[in-house]
Amino acid sequence: MAHLTILRTYAERVDPNTLPPTVKLCHSDASVTIFDKYPKAHFHFILIPFIRAPLTAANLRDLRSLLQLPREQAKALLQTIRRDALAAKALVEAEMLEKYGCTWGIQLGFHSVPSLEHMHLHIISTDFRGEYMRSKKHLNSFHPSLGFFIHLDDVLSWFGPDIEPTWFAMKSDLDKKEHEKLLKEDMTCPGHCDKLFKTMPKVREHLRGVFDSTVKAAQKAMEAASNVPIDDLGDSEVTVGTKRKHDDPPETTQAEGADGSASDGPHPSKKQQTVSSSTDLPEDP
DNA sequence: GTTCTAGAAC
DNA sequence: GTTCTAGAAC
């Protein structure tokens with residue numbers, strides 16, 4: 001294994017303002033959200049909570065260590081993470097609108113068995129068409145209902161006052177071995193059709209089709225809406241995927257790129273400069 | 001013959 | 001976490 005603590009350097013960063021826009025999407029007093037270096041979807045970010053007293057690096061190692069904290073302390077941090085994640089999500093949705101003329105799903109959650117140290121929340125669009133979505137393990141780790149990907153709102157629901165067994169039951173349910181087994185499960189569509197797939201190329205082909213038709217339908221709906229009498233629309237302005245603020249290559253309608261990897265558009269806003277200062281760490285999972 | 005996966009190496 | 005590649009699958 002290799003350098004698994006890269007995310008902690010972000011968590012300890014004194015001033016997130018020094019991070020270039022190629023690395024950082026946004027930050028707050030409590031967290032910074034960066035581009036995932038190996039995106040598994042069109043939009044894929046990682047939210048990293050800062051290490052701030054009274055919390056220590058050990059407390060923030062991962063979701064498990066966080067859940068060892070006094071209940072209210074853990075709950076408070078998760079709520080702060082949620083607040084920041086929703087802000088980031090709003091930025092992503094604006095970006096979607098500008099880039100594609102519509103928005104679609106974004107899921108917020110943790111990997112039950114993360115590969116890198118320091119807890120990080122994935123903010124990932126549910127197209128799952130990133131260039132680095134390449135293996136069964138990748139797909140299963142983000143599959144919304146398989147169980148390896150733990151939705152933030154599910155974690156927060158464990159703190160609910162009503163349901164008796166939740167807190168301790170859910171904590172003990174976070175068994176590493178059991179979760180790792182999930183990564184080996186057969187591949188099914190991470191959307192809602194539950195199709196079963198034998199190989200990743202088939203998955204990718206399917207996801208491409210789903211995405212293309214989803215976006216097409218959404219754009220059509222928005223165009224239709226924009227033709228509706230103005231007072232029904234308010235002041236919303238519809239932009240249908242014409243701007244190219246970001247450097248996305250044109251969508252392939254045939255097979256994937258020559259090397260078998262998808263040639264999805266890279267992340268938004270990731271263009272201008274290449275920063276190589278040692279203080280910038282465009283690394284992560 | 002080529003495609004694809006999965007495990008070792010990093 | 002990714003890359004590389006042997007050999008399984010087709």
Side-chain angles (χ1 to χ4, degrees), chain A residues 1-13 19 22-25 31-49 57 60-65 107-125 128-143 146-150 174 176-190 195-209 252 254-264 266-267 270 274-276 278 280-285:
Chain A
M1 284 223 181
H3 331 101
L4 302 179
T5 57
I6 186 70
L7 295 184
R8 189 161 291 133
T9 64
Y10 290 100
E12 291 166 337
R13 181 174 284 277
L19 289 171
T22 48
V23 173
K24 187 190 76 175
L25 176 68
S31 75
V32 61
T33 298
I34 62 171
F35 288 83
D36 191 298
K37 192 183 179 188
Y38 302 102
K40 308 299 190 296
H42 282 311
F43 299 89
H44 185 185
F45 298 86
I46 287 179
L47 184 153
I48 301 163
L60 297 181
R61 186 174 195 279
D62 54 26
L63 185 58
R64 274 180 195 76
S65 63
Q107 62 182 32
L108 314 176
F110 304 96
H111 278 157
S112 58
V113 187
S115 297
L116 300 185
E117 277 189 37
H118 194 79
M119 69 179 304
H120 51 283
L121 178 84
H122 287 278
I123 299 172
I124 182 170
S125 58
F128 302 112
R129 299 197 64 241
E131 182 184 351
Y132 287 85
M133 181 64 85
R134 293 174 175 175
S135 69
K136 173 190 275 191
K137 180 179 169 181
H138 293 152
L139 183 77
N140 285 346
S141 74
F142 287 103
H143 195 291
L146 185 64
F148 189 91
F149 187 90
I150 302 179
L174 284 181
K176 282 192 185 181
K177 288 255 162 63
E178 287 303 309
H179 278 91
E180 278 166 349
K181 275 194 224 162
L182 294 173
L183 297 175
K184 309 255 187 188
E185 297 272 300
D186 288 343
M187 297 185 287
T188 62
C189 175
K195 262 188 187 139
L196 187 70
F197 298 95
K198 265 284 194 277
T199 69
M200 273 307 283
K202 296 289 186 194
V203 172
R204 303 179 61 101
E205 178 185 28
H206 176 73
L207 291 175
R208 187 182 66 229
T252 29
Q254 318 238 334
E256 308 279 14
D259 59 347
S261 68
S263 50
D264 291 328
H267 272 321
K270 215 177 183 182
T274 302
V275 185
S276 51
S278 62
D280 299 318
L281 301 160
E283 300 280 322
D284 84 52

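Naming: A, B, ... by sequence-line order, numbering from 1 per chain.
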For the pair made of [atom1] in [X] and [atom2] in [N], what is the distance, rounded to whole Å?
{"X": "Phe110(A)", "N": "dG1(C)", "atom1": "CZ", "atom2": "C1'", "answer": "18 Å"}
{"X": "His111(A)", "N": "dG1(C)", "atom1": "NE2", "atom2": "C1'", "answer": "11 Å"}
{"X": "Leu7(A)", "N": "dT2(C)", "atom1": "CG", "atom2": "C1'", "answer": "14 Å"}

What nitrogen or oxygen pairs link the protein and nucleotides 4-6 of chain B at under 3.5 Å?
| unit_1 | atom_1 | unit_2 | atom_2 | d |
| --- | --- | --- | --- | --- |
| dT5(B) | OP1 | Met200(A) | N | 2.6 |

| said: So, taking the atom named CG in Leu207(A) and the one named NZ in Lys202(A), what distance separates them when rounded to the nearest 0.5 Å? | reply: 13.5 Å

Under 4.5 Å between any side-chain heavy atoms of [X] and [Y], yes or no?
{"X": "Met133(A)", "Y": "Leu139(A)", "answer": "yes"}
{"X": "Leu121(A)", "Y": "Phe110(A)", "answer": "yes"}
{"X": "His118(A)", "Y": "Leu60(A)", "answer": "yes"}

| task | Examine dT2(C): is either OP1 or OP2 under 4.0 Å from a nitrogen or oxygen in the side chain of His138(A)? Give yes or no. | result | yes

| request: May I ask you to decide whether Lys177(A) forms a salt bridge with Glu180(A), counting only side-chain N to carboxylate O separations under 4.0 Å? | output: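 No.
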
| query | In chain order, what residues pass the ring-ring contact (aromatic ring centres under 6.0 Å, His included) check against His111(A), with sequence neighbours excluded? | reply | His122(A), Phe142(A), Phe148(A)

